[in-house]
Amino acid sequence: MRGTGALEEMLVGPPEEAAPRLLGCHLVSTVGDETVKLRISEVEAYKGPDDPASHAFRGPTNRNRSMFARPGTLYVYRSYGIHHCANVAAGPEGIGWGILIRGGDIVDGQPVAVRRRGRTAELSDGPGKVCEALAIAGEHDGHYLLGGDSPVWLEPGTTPGLVVATPRVGITRAKDRPWRFVAAVSASS
DNA sequence: AGGATGATGGACT
DNA sequence: GTCCATCATCCTA
């Protein structure tokens, strides 16, 4: 049973409030009959028309329209012509708010991720790396992550004990907004 | 350990 | 033609 109301509730409200709620949740993909599960530890909020750094700043286009779809819709775009990055649409439908999945830890299917990444370390500590490890590509744009019938989906997880907010990475505008959220290391060592 | 750079596609000026 | 919500590699120290 994927897509309980709990996940939908998490995506309600301004993205800078919804984004940290995704920390600890799982992003899962089954591609080529292989499943990889990521525990999300790093996200960024992009606030549509109010956010000059957002792809949705100038309104819907053919590329970004998934961010204007129902909350929980996956927005995948190609970055620098080479990588893919994955976002989750948030807020009310039609507003263009979204949450970029920047990183996490592989908690299932690690051998698959290692093969896809071509290395054994730094498997998913960046948005392009996450997509490569989970084999998320343009074909997955527009899928509904909270429904039961998608090759990519979200599952509830455990809330991290501590969340740190910092400025977003790799942008040139609205650099001052502390809308990057990182899950601090939980207990144990 | 850290800075520069090339790869490469699509949206926008 | 220019600007990227990036990453891996190739430098210099």
Side-chain angles (χ1 to χ4, degrees), chain A residues 10-11 13-23 25 27 29 31 36 38 40-69 71-91 94-106 110 112-143 145 152 154 163-183:
Chain A
M10 296 177 58
L11 299 173
E16 69 271 27
E17 294 176 15
R21 293 199 283 260
L22 280 185
L23 295 173
C25 292
L27 183 67
S29 77
V31 176
V36 174
L38 178 90
I40 299 169
S41 66
E42 181 180 348
V43 296
E44 283 178 359
Y46 286 89
K47 202 171 183 177
D50 301 320
D51 181 4
S54 171
H55 289 175
F57 181 55
R58 295 163 201 279
T61 67
N62 196 54
R63 171 220 218 178
N64 67 20
R65 60 196 174 87
S66 293
M67 244 198 307
F68 290 84
T73 300
L74 179 65
Y75 164 47
V76 178
Y77 67 93
R78 187 175 285 279
S79 173
Y80 294 88
I82 303 183
H83 310 287
H84 290 277
C85 296
N87 298 250
V88 182
I95 199 169
W97 291 348
I99 299 160
L100 171 68
I101 309 298
R102 279 199 64 87
D105 301 304
I106 306 294
Q110 191 184 81
V112 176
V114 165
R115 171 167 45 75
R116 287 174 178 163
R117 293 277 297 120
R119 65 199 61 227
T120 58
E122 293 159 4
L123 294 179
S124 50
D125 59 338
K129 302 177 191 180
V130 166
C131 284
E132 186 169 42
L134 300 209
I136 295 172
E139 65 198 278
H140 301 118
D141 179 58
H143 278 291
L145 298 172
V152 185
L154 274 173
V163 174
V164 178
T166 79
R168 293 174 289 182
V169 173
I171 59 172
T172 57
R173 302 187 302 172
K175 279 179 164 167
D176 50 313
R177 304 185 189 182
W179 287 353
R180 170 176 175 255
F181 302 94
V182 183

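Letters A, B, ... mirror the listed sequences (proteins, then strands); counts begin at 1.
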Original post:
Are any of A/Thr172's side-chain N or O atoms less than 4.0 Å away from OP1 or OP2 of C/dC4?
Top reply: yes
Subject >> Residue of the set A/Val130, A/Leu134, A/Ile40 for which side-chain contact (heavy atoms from CB on, under 4.5 Å) holds with A/Ser124 >> reply: A/Val130
Original post:
How long is the line joining NE2 of A/His55 and P of B/dG10, in whole Å?
Top reply: 14 Å
Original post:
What dot-bracket string describes DNA chain B from 5' to 3', counting Watson-Crick and G-U wobble pairs whose defining distances are under 3.5 Å, with [ ] for crossing pairs and | for pairs to another strand?
Top reply: |||||||.||||.
Subject >> Whole angstrom value for the distance that separates P of C/dC7 from CZ of A/Arg117 >> reply: 8 Å
Original post:
Once you round it to whole Å, what is the distance between C1' of C/dC7 and CZ of A/Arg102?
Top reply: 11 Å
**OP:** May I have the distance from A/Arg65 (atom CZ) to B/dA11 (atom C1'), rounded to whole angstrom?
**Re:** 15 Å
**OP:** Give a yes or no on whether A/Glu122 atom CD has more than 12 heavy-atom contacts from other residues, nucleotides or ligands under 6.0 Å away.
**Re:** no
Original post:
The side chain of A/Arg63 lies closest to which of these nucleotides: C/dA5, B/dA11, B/dT13?
Top reply: B/dA11
**OP:** Verify side chain to side chain contact (heavy atoms under 4.5 Å, CB included) between A/Leu27 and A/Leu154, making sure each step is shown before the conclusion.
**Re:** CA-CA 5 Å; A/Leu27 183 67; A/Leu154 274 173; 4.0 Å; yes
Original post:
Reckon A/Asn87 touches a base, only the sugar-phosphate, or nothing at all at heavy-atom distances under 4.0 Å?
Top reply: base
Subject >> Interatomic distance at C1', C/dA8 relative to B/dG10, whole Å >> reply: 22 Å
Subject >> P atoms of B/dT8 and C/dC10, separation to the nearest Å >> reply: 15 Å
Original post:
Just how far, in rounded Å, is P of C/dC3 from CD1 of A/Ile171?
Top reply: 17 Å
Original post:
Which of these, A/Tyr77, A/Tyr75, A/Tyr46, sits in a side-chain hydrogen bond (donor to acceptor under 3.5 Å, both in side chains) with A/His55?
Top reply: A/Tyr75
Original post:
When the distance from NE2 of A/His84 to C1' of B/dG10 is rounded to whole Å, what number comes out?
Top reply: 12 Å
Original post:
Taking all atoms of both residues into account, what is the closest heavy-atom pair of A/Ala18 and A/Gly13, and its distance?
Top reply: CB-O, 4.4 Å
Original post:
Pick the nucleotide of DNA chain C nearest each of A/Glu122 and A/Arg173; which residue has the one closer to the 5' end?
Top reply: A/Arg173
**OP:** For the pair A/Val36 and A/Arg116, evaluate side chain to side chain contact (heavy atoms under 4.5 Å, CB included) and give the outcome as yes or no after the intermediate values.
**Re:** CA-CA 11 Å; A/Val36 174; A/Arg116 287 174 178 163; 3.6 Å; yes
**OP:** Give me the residues of residues 71-83 of chain A where at least one heavy atom lies under 4.0 Å from an atom of DNA chain B, by number, or none.
**Re:** A/Arg78, A/Tyr80, A/Gly81, A/Ile82
Original post:
Between residues 124-135 of chain A and DNA chain C, which residues have a heavy-atom gap below 4.0 Å?
Top reply: A/Gly126, A/Pro127, A/Gly128, A/Lys129
**OP:** Using a strict cut-off of less than 4.0 Å between a Lys/Arg side-chain nitrogen and an Asp/Glu carboxylate oxygen, indicate whether A/Arg117 and A/Glu132 qualify as a salt bridge.
**Re:** yes
Original post:
Which part of the nucleic acid does A/Arg119 contact within heavy-atom distance under 4.0 Å: base, sugar-phosphate only, or nothing?
Top reply: sugar-phosphate
Original post:
With a 4.0 Å cut-off, would you call A/Asp51 and A/Arg168 a salt bridge?
Top reply: yes
Subject >> Closest heavy-atom pair and its distance - A/Ser41, A/Gly104 >> reply: OG-CA, 3.3 Å
Subject >> Expected output: side-chain A/Glu44 to main-chain A/Arg102 donor-acceptor under 3.5 Å >> reply: no
Subject >> Heavy-atom pair of closest approach, residues A/Ala45 and A/Ala19 >> reply: CB-CB, 4.0 Å
**OP:** Rounded off to whole Å, could you give me the CZ-to-P distance for the A/Phe57 and B/dC12 pair?
**Re:** 13 Å
Subject >> Heavy-atom pair of closest approach, residues A/Gly48 and A/Ala56 >> reply: CA-CB, 3.8 Å
Original post:
What is the distance from CZ of A/Phe181 to P of C/dA5, rounded to the nearest Å?
Top reply: 18 Å
Original post:
When you check the phosphate oxygens OP1 and OP2 of B/dA11, does a side-chain N or O of A/Arg58 lie under 4.0 Å from one of them?
Top reply: no
